[in-house]
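When a ligand or atom number is given, it counts from 1 through the structure's own listing order.
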Amino acid sequence: MKKRFLCLLFVVCTVISARANSTDSLALTPPMGWNSWNCFSCNINEKQIREIADLMVSTGMKDAGYEYLNIDDCWQVGRDNEGNILVDEKNFPSGIKALADYIHSKGLKFGIYSCAGTLTCAGRPGSRGYQFQDARTYAEWGVDYLKYDWCFDEGQNPQAAYKTMSDALKASGRPIVFSICEWGNSQPWTWAKGIGHLWRTTGDIINAFKGVNYWGGCGVVEIIDKNADLHKYAGPGHWNDPDMLQVGNGVLTMEENRSHFTMWCMLAAPLLAGNDIRKMDKETLGILTNKEVIAVNQDKLGKQGGRYMKVGEHEIWVKQLSNGEAAVCFFNRDEQPWNVETVLQKENLSFADVRFWEKEYKVRDLWKHKDIGSTKDKMQFDIPAHGVVLLKLTPKQ
Ligand code: GLA
């Protein structure tokens with residue numbers, strides 16, 4: 001009898017520990033959606049967020065894969081006597097649950113923001129000391145995604161702080177994507193797999209192609225450099241996050257918008273649009289919804305691309321794709337055009353498991369939507385300043 005009981009206990013313990021160790025099935029490809037911070041910062045309200053939800057559907061963004069509609073900082077104003085988080089009633093008079101219901105009714109998912117510190121970066125109440133209570137509230141509201149920031153951390157250990165919120169979300173009983181926003185300070189790529197589904201690798205992206213500002217905010221190029229060697233840490237369910245997109249925010253040229261978007265796809269980055277899509281022009285929409293380019297980002301193998309070559313401001317990046325395919329990106333960071341003449345097979349290009357000299361591949365230009373020959377052919381590209389050429393290589397049968 002005793003033996004049987006011990007046997008049963010062993011089986012139960014094994015099942016429980018396997019479940020605890022197993023990663024969930026959220027974010028198997030990089031999350032895609034929209035976030036309010038880059039265009040609205042603290043100025044958010046329910047009317048405008050509902051309009052964004054409507055437009056995510058009517059513009060075709062949802063069809064292209066943008067799934068999460070995430071509000072960032074400034075929806076919260078205080079706590080009641082029982083510690084429950086209080087919503088800004090002026091800007092969100094119907095409450096967050098009603099907003100989440102509306103977003104769900106459009107077939108989208110809803111994301112929210114909080115902070116591991118006592119206050120958020122905009123000085124609103126953070127979740128320190130209220131993690132489990134807040135996670136329960138989010139689950140009741142129907143939250144599907146939490147971005148969790150690192151201001152006013154008061155010397156906490158980041159790994160422990162993020163693990164606490166991760167446990168709280170798991171205990172809430174609702175599947176919630178957990179986005180760690182600690183700006184790469186403690187190299188979260190070395191510890192955050194299994195705690196969160198994505199982690200910021202850098203300070204905030206600024207609205208510029210190049211440059212670093214006085215508080216450490218980085219332009220597109222600086223962020224790319226900081227992510228170039230992190231490819232081995234990314235994979236299904238655990239992504240490096242180089243921050244939200246600035247595509248369509250009025251400062252980058254269309255060439256730069258295209259390069260920014262392409263490189264985020266090569267980096268297997270979460271694609272969170274950050275523009276006011278109520279005022280989006282056709283070119284911006286065309287960039288954000290290029291399905292062939294998005295497919296590079298969303299490839300199910302989940303490999304982050306890496307920099308194969310850098311000569312001055314000229315770079316070649318390679319991303320391994322499923323079914324033996326690969327993406328190759330020529331990235332011109334220079335202020336001058338770059339004229340490339342190449343026979344790809346002779347480039348000796350190799351990255352991860354891709355070796356271009358071993359096979360012949362068909363070549364497709366993903367911005368021109370055109371098949372342009374094979375890796376045995378001589379090709380010529382005139383790449384404008386700050387521009388890219390993105391190719392997909394498919395093995396020839
Ligand atoms: C930090 C984050 C940003 C944004 C703001 C909100 O700076 O890194 O992405 O969420 O806080 O206050």
[X] versus [Y]: any side-chain heavy-atom pair under 4.5 Å?
| X | Y | answer |
| --- | --- | --- |
| F178 | M165 | yes |
| H238 | H197 | no |
| Q246 | V251 | no |

For T29, check side-chain contact (heavy atoms from CB on, under 4.5 Å) against everything at least two apart and list the hits.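 Testing T29 for side-chain contact (heavy atoms from CB on, under 4.5 Å), a comparison that skips the adjacent residues, returns Q298.
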Is there less than 2.5 Å between the SG of C115 and that of C121?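 C115 does not pair with C121 as a disulfide (SG atoms not under 2.5 Å apart), so no.
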Heavy-atom cut-off of under 4.0 Å around ligand 1: list whichever protein residues fall inside it, by chain and number.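 Near ligand 1, by chain and number: W37, D72, D73, Y113, C121, A122, K147, D149, C181, W183, R200, D204, M244.
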Measure from NZ or CZ of R124 to the centre of the six-membered ring of W75 and say whether it is under 6.0 Å with the direction within 45° of the ring axis.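 Output no; distance or angle outside limits.
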